[in-house]
Amino acid sequence: MANLTLVQAINLALIQEMEQDDRVLVLGEDVGINGGVFRVTEGLHKRFGGHRVVDSPLAESGIIGTAVGLAMGGLRPVAEIQFEGFLGPAYDQICTHAARMRTRTRGGLTVPLTVRVPVGGGIHAPELHSDSPEAIYTHTPGLKVVMPSSPYDAKGLLVSAIRDPDPVIFFEPKRIYRAFREEVPEDEYTVPIGEARIVREGSEMTMVSWGASVIHCMNAIEASGRDIELIDLRTICPLDIDTVVTSVRKTARAVIVHEAPLTCGIGSELSARIMEHCFLDLESPVQRVAGFDVIMPYYKLELDYLPDADRIGKAIEETAAY
Amino acid sequence: MANLTLVQAINLALIQEMEQDDRVLVLGEDVGINGGVFRVTEGLHKRFGGHRVVDSPLAESGIIGTAVGLAMGGLRPVAEIQFEGFLGPAYDQICTHAARMRTRTRGGLTVPLTVRVPVGGGIHAPELHSDSPEAIYTHTPGLKVVMPSSPYDAKGLLVSAIRDPDPVIFFEPKRIYRAFREEVPEDEYTVPIGEARIVREGSEMTMVSWGASVIHCMNAIEASGRDIELIDLRTICPLDIDTVVTSVRKTARAVIVHEAPLTCGIGSELSARIMEHCFLDLESPVQRVAGFDVIMPYYKLELDYLPDADRIGKAIEETAAY
Amino acid sequence: MPISSVFETKIERISILDHDGSFDESLGKGLIPDQDAVALYRHMMLCRQFDEIAFKLQRSGRMGTYPENRGQEATSLGAAYVLEKSDWLVTCYRENAGLFWRGLPMEKILLHWMGDERGNQIDPDLHITPLAIPIGTQMLHAVGLAWADKYRGEKSISCTFFGDGATSEGDFHEAMNFAANLEIPTIFFCQNNGWAISVPTKLQCSAPTIAQRALAYGMRTIQVDGNDIFAVVKAVRDAADHARKTSQPSFIEATTYRLGDHTTADDARRYRDSDEVEKWNQQEPMIRLRKYLEQRDLWDESRQSEMLAKAEKVVAEVVKNAEEIEDPIQTDMFDSMYASIPENLKAQRRTMRTTSLGQDPSQLPTPNTARA
Amino acid sequence: MPISSVFETKIERISILDHDGSFDESLGKGLIPDQDAVALYRHMMLCRQFDEIAFKLQRSGRMGTYPENRGQEATSLGAAYVLEKSDWLVTCYRENAGLFWRGLPMEKILLHWMGDERGNQIDPDLHITPLAIPIGTQMLHAVGLAWADKYRGEKSISCTFFGDGATSEGDFHEAMNFAANLEIPTIFFCQNNGWAISVPTKLQCSAPTIAQRALAYGMRTIQVDGNDIFAVVKAVRDAADHARKTSQPSFIEATTYRLGDHTTADDARRYRDSDEVEKWNQQEPMIRLRKYLEQRDLWDESRQSEMLAKAEKVVAEVVKNAEEIEDPIQTDMFDSMYASIPENLKAQRRTMRTTSLGQDPSQLPTPNTARA
Ligand SMILES: Cc1ncc(C[n+]2csc(CCOP(=O)(O)OP(=O)(O)O)c2C)c(N)n1
Ligand SMILES: Cc1ncc(C[n+]2csc(CCOP(=O)(O)OP(=O)(O)O)c2C)c(N)n1
Ligand SMILES: [Mg+2]
Ligand SMILES: [Mg+2]
């Protein structure tokens with residue numbers, strides 16, 4: 001056991017998977033000698049050499065496109081995109097090829113690729129360094145989408161992602177990269193992709209969130225003094241709808257919290273499914289606390305954009321009072 | 001009045017807008033002498049010359065990126081992307097720049113750009129020629145997203161799109177490009193962006209759809225013999241939620257139909273909003289009839305993927321019986 | 001020194017077997033042994049026959065859109081002839097000749113255009129990727145595939161094919177740049193056939209050659225007569241040797257011409273002169289190879305008609321196989337989405353024909369849920 | 001002819017004012033009148049002061065991430081000096097010197113890095129686009145902007161700035177290709193400062209020069225000493241004349257060096273030698289321009305300290321203005337999303353601090369809806 005930040009837990013997962021599987025290599029901008037702009041790949045270049053830790057040219061489509069080829073060729077590439085705002089140039093290679101190769105070839109060629117991407121707001125970064133595009137990749141069949149909210153889950157999920165035979169977009173909530181530490185086993189373990197985690201049990205209401213927002217949910221729940229069940233999705237696609245539905249059947253009320261804009265966010269899918277599966281159980285409409293339907297503002301206003309304990313608390317009261 | 005197909009109606013709108021506004025120019029792959037692969041720009045090159053009808057290099061990011069510049073520079077570019085499957089390479093320029101320029105510059109620079117894109121399945125086309133990515137662009141604040149289902153609306157909405165001071169993604173359902181004709185005024189008229197159309201009134205149930213699916217909805221409704229209200233969104237973003245909510249408050253039941261995959265599709269947003277606004281009115285859960293969460297299959301199976309009158313009919317009965 | 005020179009270069013063009021049948025012995029001698037030259041010509045005849053029948057299948061409504069390959073046989077075939085079976089062929093959609101030479105069953109290509117993913121289910125030992133529909137995107141995969149082999153210390157390389165139009169896409173640039181900077185042994189093979197649908201090459205590349213695109217990366221580059229299989233063979237052999245020796249990429253621009261429409265959905269008369277087509281009809285790769293063989297008594301009219309009959313028979317059989325394959329089952333669309341199907345996809349799969357999708361039985365009230 | 005030459009070229013490099021102060025009269029004479037040379041030097045001093053203070057603002061927590069411009073002043077400044085105010089400057093984030101010369105109020109740049117969109121709200125008459133954060137994407141806008149002017153028959157052109165790293169992006173390629181093929185008068189100005197964060201130029205472009213990227217498009221291209229404002233002025237003037245005369249684009253590679261870290265979030269000691277930095281410190285643009293001026297009695301120590309004092313005062317005032325601006329109001333994030341705000345955004349705007357977002361009052365039951 002070690003007391004690690006989220007960055008350190010991911011770094012450890014990378015080292016351990018590279019140690020135990022030759023096919024794993026890391027590529028991306030500044031991931032080599034510099035150890036990545038968030039230092040997530042710190043020490044890897046020294047340990048494994050430039051052959052396995054590759055500073056790529058500044059070209060996201062190139063990173064993902066060659067990684068698709070590497071994966072089709074039998075390796076297990078872990079590509080880093082420096083910020084979620086720079087996934088855009090790689091969108092086409094991800095959605096047109098990584099997501100489609102297995103079904104296109106009816107299993108003949110597959111893409112066991114992991115794409116690591118820092119995500120989300122709250123660190124006073126420049127434009128395009130604070131977005132939350134998880135719904136975009138969830139709407140694209142053929143991908144898996146993961147977003148841990150703790151060091152323990154981050155390590156276990158990243159190991160699962162690297163070993164997964166299909167492409168996984170692994171979003172790392174940068175706001176909590178170093179926000180807190182947690183006991184993380186040094187031994188090998190995995191957290192399965194596709195299983196939500198009940199962070200705390202409760203009977204009055206269900207709250208669903210993921211990534212950095214989970215912390216705000218906890219704070220809001222504590223401030224409310226209510227008996228609320230909090231679910232951290234951990235994996236966004238495939239959605240562990242059973243855990244959510246079981247909870248809402250019990251509590252009859254639900255609030256969903258995420259950073260991305262409201263419209264067509266993951267919250268809309270969750271809300272629709274909860275209604276479809278728990279129609280007769282629901283005592284109040286499912287509420288969504290999300291980013292507004294605006295471009296994530298520059299940092300002077302970012303905290304006014306992001307859901308916080310205050311807004312979540314309002315949703316709790318509104319939902320309870322309905 | 002002329003009896004026109006959807007292709008002809010769009011062609012007419014382009015001609016009329018180009019005639020009356022010098023700032024309007026058309027660019028894209030094969031839009032010139034060839035008149036576009038669907039012949040939507042037929043005759044434009046001859047009429048307006050290569051100066052205003054420009055065959056671009058084969059590069060979608062280039063098309064949209066230069067069009068963003070043209071628009072910032074005071075023109076009204078209408079860019080064609082040959083098929084929705086090739087929007088991917090332009091995703092970044094659309095979402096990173098077209099959608100953001102106005103708010104980034106607090107109104108200093110704007111992007112009055114129209115992006116015309118054939119969309120959807122059902123024409124036995126090759127891979128990547130049959131998708132429905134409207135939710136992707138709806139989740140991106142700063143864009144408007146339009147999809148007409150008739151020649152009349154197509155002409156009126158395209159004129160609105162071209163005159164709109166903000167970027168509009170104008171999806172053209174290729175399956176009905178020539179499927180039927182309709183009386184279309186030759187005189188100038190507009191259909192406002194952001195207003196849904198009640199295709200037929202009804203009291204038993206509300207059905208919401210857009211694009212080529214509207215026809216299947218009509219067929220299913222007729223086959224059902226039930227008194228169903230059908231709403232054609234026409235504009236997907238901004239969503240005319242008032243029209244939908246007013247209808248569901250009246251009917252208490254709703255079915256949504258679209259071609260795109262279920263998860264995080266527009267159906268999820270509609271379903272969530274209906275529940276939020278009509279919670280106490282709903283007699284049954286809102287149902288979504290959509291593409292499955294799989295890659296749009298090659299054409300031997302495409303009709304098994306696409307929602308059809310049969311599947312819509314089942315949803316009608318299930319919803320009525322709930 | 002106020003003005004100095006920091007870079008100088010020139011680009012060469014190779015042509016060995018001209019369209020009038022004249023042959024340059026200095027470069028061409030021994031390049032292709034006689035029996036191979038015959039085999040290549042026979043293969044071209046087979047491919048031409050396939051192309052004609054595929055076109056007719058589309059016209060008679062038995063197949064979807066099809067891109068004719070006619071006139072471009074020498075390019076991918078020359079490359080496939082030179083390369084090892086362990087080398088990757090990463091193609092677009094006008095490389096039937098090379099793919100068939102490598103060993104791809106001909107019905108696979110028909111199945112693809114018949115709207116059937118099984119056309120892309122390819123024996124992995126063939127080292128072939130599926131036809132690439134999104135233009136310009138597959139070169140990056142070729143770089144990744146060769147990189148994977150290099151990573152493992154294998155000597156295999158990759159060769160990727162694309163058109164003149166494809167060189168306008170950003171992904172082309174990124175692929176070239178990755179290969180050059182990371183020293184990946186990929187051969188970039190551009191088939192400049194003069195057109196990208198209706199857009200002439202000069203609107204994709206106003207430079208005098210496409211070959212010079214490679215100068216941007218300091219990459220070895222050459223232009224060849226792409227209707228001359230000898231020139232193609234020489235260029236690919238040089239590039240492959242170079243790649244295996246140095247692990248460096250190369251670029252080849254092969255000038256050729258698509259004699260047919262872009263695809264069966266196109267009508268090329270709308271945008272190009274019949275004179276131009278006529279000129280290229282004289283210069284296409286088969287006539288000149290036949291002249292070459294006949295001049296050396298390796299071919300004659302009787303072998304020609306014998307081979308034609310054989311090609312007709314083979315292709316008829318291929319069509320039969322492609323058309324007789326059982327229909328895919330509806331649930332096939334789910335089965336290759338992931339290595340193992342997630343629960344909610346399983347539910348969609350299970351209920352796809354019995355419910356509306358929305359109303360999966362699992363969403364119905366559970367027994368212990370009372371109706372309000 | 002089996003082997004012929006289809007393309008030949010060479011690329012030149014210009015250098016006029018060397019780092020030791022030696023000056024080539026043959027090229028440099030009359031290029032920049034004396035009073036302008038003084039003005040340019042004074043402007044550089046102002047920019048250097050701004051840069052230092054901006055850095056300190058970040059370090060003391062009064063501003064977010066900031067990319068130092070130090071060492072690269074001659075490039076954008078030389079270009080802005082040559083170009084007309086009606087020509088577009090389409091920049092990245094190390095072109096403060098050029099932007100300020102054009103007339104951008106200095107507080108705009110501070111506001112930008114203080115996380116305030118008002119920093120990008122620029123007087124349209126300045127013909128400046130906002131700093132581009134996504135690398136490599138802005139060149140396409142420059143092409144569109146110059147195209148729009150050409151479309152209207154105006155003589156304006158655009159000049160776009162980007163780094164060595166940016167030339168690896170696909171959008172760079174597409175912008176170059178569009179400009180060349182469609183004949184758009186854009187100057188592509190690459191500031192090759194040796195690094196893209198921690199990645200050295202040779203990993204972005206293994207070719208001997210970046211200038212040769214332009215050969216791919218048959219585009220006019222040149223390399224200049226980017227720390228020599230005379231060389232920059234000459235190259236830009238030639239390119240601009242050419243653009244106005246022929247409507248053709250040009251490429252300029254200016255070799256320079258970023259003397260500081262990539263941004264305040266970076267620590268360049270992790271990946272580069274102090275020797276290298278030391279060498280470039282000797283070659284930076286201001287020392288040599290000062291030598292030039294002093295040799296001609298246009299500058300001396302007293303003018304230096306006078307200007308320094310002035311720069312300090314000006315920049316202090318700028319900081320004050322930027323810091324004293326009233327905070328943006330929360331609802332600002334809605335107001336520039338569209339020319340007119342759609343209804344559902346209005347609702348979000350109206351309720352942003354009073355409800356949870358989900359529960360807009362409009363979703364509450366209407367009076368005539370009975371609770372079940
Ligand atoms: C990304 C993308 N954009 C557009 C298309 C539509 N399209 C199909 S083929 C083609 C032209 C290709 O030209 P070229 O690369 O020269 O190949 P050729 O067909 O001439 O062999 C176009 C524009 C596509 N398939 N993919
Ligand atoms: C599309 C994109 N990818 C990655 C980044 C992160 N990033 C910011 S600056 C930079 C390096 C830029 O290098 P270069 O173009 O040489 O410009 P320089 O900073 O050296 O002036 C990177 C990778 C980004 N801003 N945009
Ligand atoms: Mg071509
Ligand atoms: Mg640089």
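Each chain gets a letter, A, B and so on, in the order its sequence line appears, and its residues count up from 1.
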To check you understand the geometry: which heavy-atom pair defines the closest contact between D:Asp171 and B:Ser61, and what is its length? OD1-OG, 2.5 Å

Checking B:Gln93 against D:Glu174 for the side chain to side chain contact (heavy atoms under 4.5 Å, CB included) test, could you report, in this order, the C-alpha distance in whole Å, the side-chain angles of both residues, the deciding distance, and whether it holds? CA-CA 12 Å; B:Gln93 282 288 341; D:Glu174 299 191 14; over 6 Å; no

To the nearest 0.5 Å, tell me how far D:Leu140 CG sits from B:His97 NE2. 8.5 Å

Quick check on D:Asp332 against chain B: is it the side chain, the backbone, both or neither that has a heavy atom closer than 4.5 Å? both

Backbone N/O of B:Arg104 and side chain of D:Asn120: donor-acceptor pair under 3.5 Å: yes

Measure the spacing between CG of D:Asn344 and SG of B:Cys237 and express it to the nearest 0.5 Å. 7.5 Å

Tell me whether the rings of B:His51 and D:Tyr151 are parallel (<30°), tilted (30 to 60°) or perpendicular (>60°). parallel

For each of B:Asp242, B:Asp240, B:Val54, tally heavy-atom pairs with chain D at distances under 4.5 Å, and name the one with the top tally. B:Val54

Heavy-atom nearest pair, D:Ile128 first then B:Leu109, reads O-CD1, 4.2 Å

With a 4.5 angstrom heavy-atom cut-off, is it the side chain or the backbone of D:Leu145 that approaches chain B, or both, or neither? both

Under 4.5 Å from a heavy atom of chain B, the part of D:Leu131 involved: neither

Taking atom CD1 of D:Ile184 and atom OG1 of B:Thr66, what is their separation to the nearest 0.5 Å? 8.0 Å

Checked B:Val245, B:Leu25, B:Thr96 vs chain D; the most non-hydrogen pairs under 4.5 Å come from B:Leu25

May I have the step-by-step check of side chain to side chain contact (heavy atoms under 4.5 Å, CB included) for D:Phe334 and B:Thr103, ending in yes or no? CA-CA 8 Å; D:Phe334 294 94; B:Thr103 190; over 6 Å; no

Highest number of heavy-atom pairs under 4.5 Å with chain B among D:Ala339, D:Pro342, D:Pro130 belongs to D:Ala339

Side chains of D:Ile122 and B:Thr105 in contact at under 4.5 Å (non-hydrogen atoms): no

Report the option among B:Gly62, B:Gly73, B:Gly108 that has the most heavy-atom pairs separated by less than 4.5 Å from atoms of chain D. B:Gly62

Given that the side chain runs from C-beta out, which part of B:Arg273 has a heavy atom under 4.5 Å from chain D: side chain, backbone, both or neither? side chain

Residue part contacting chain B, namely of D:Glu343, when any heavy atom lies under 4.5 Å: neither

State the OG-CG distance between B:Ser56 and D:Asn181, to the nearest 0.5 angstrom. 10.0 Å

Please classify the contact of D:Ser158 with chain B as side chain, backbone, both or neither, using a heavy-atom distance under 4.5 Å. neither

Region of D:Glu117 that comes under 4.5 Å of a non-hydrogen atom in chain B: both

Residue, of B:Leu239, B:Thr110, B:Ile64, that accumulates the most heavy atom pairs under 4.5 Å with chain D: B:Leu239

Residue, of D:Arg152, D:Met333, D:Arg118, that accumulates the most heavy atom pairs under 4.5 Å with chain B: D:Arg152

Could you tell me which of D:Ser340, D:Ser336, D:Ala148 has the largest number of non-hydrogen atom pairs under 4.5 Å with chain B? D:Ser336

Does any heavy atom of chain D fall under 4.5 Å from the side chain of B:Ala67, the backbone, both, or neither of them? neither

Which atom pair, heavy atoms only, marks the closest approach of B:Asp92 to D:Thr137? OD2-CG2, 3.7 Å

Please confirm whether the backbone N or O of B:Leu143 pairs with a side-chain atom of D:Tyr338, one donor and one acceptor, at under 3.5 Å? yes

If one checks every heavy atom of B:Leu27 against chain D at 4.5 Å, the contacting part turns out to be side chain

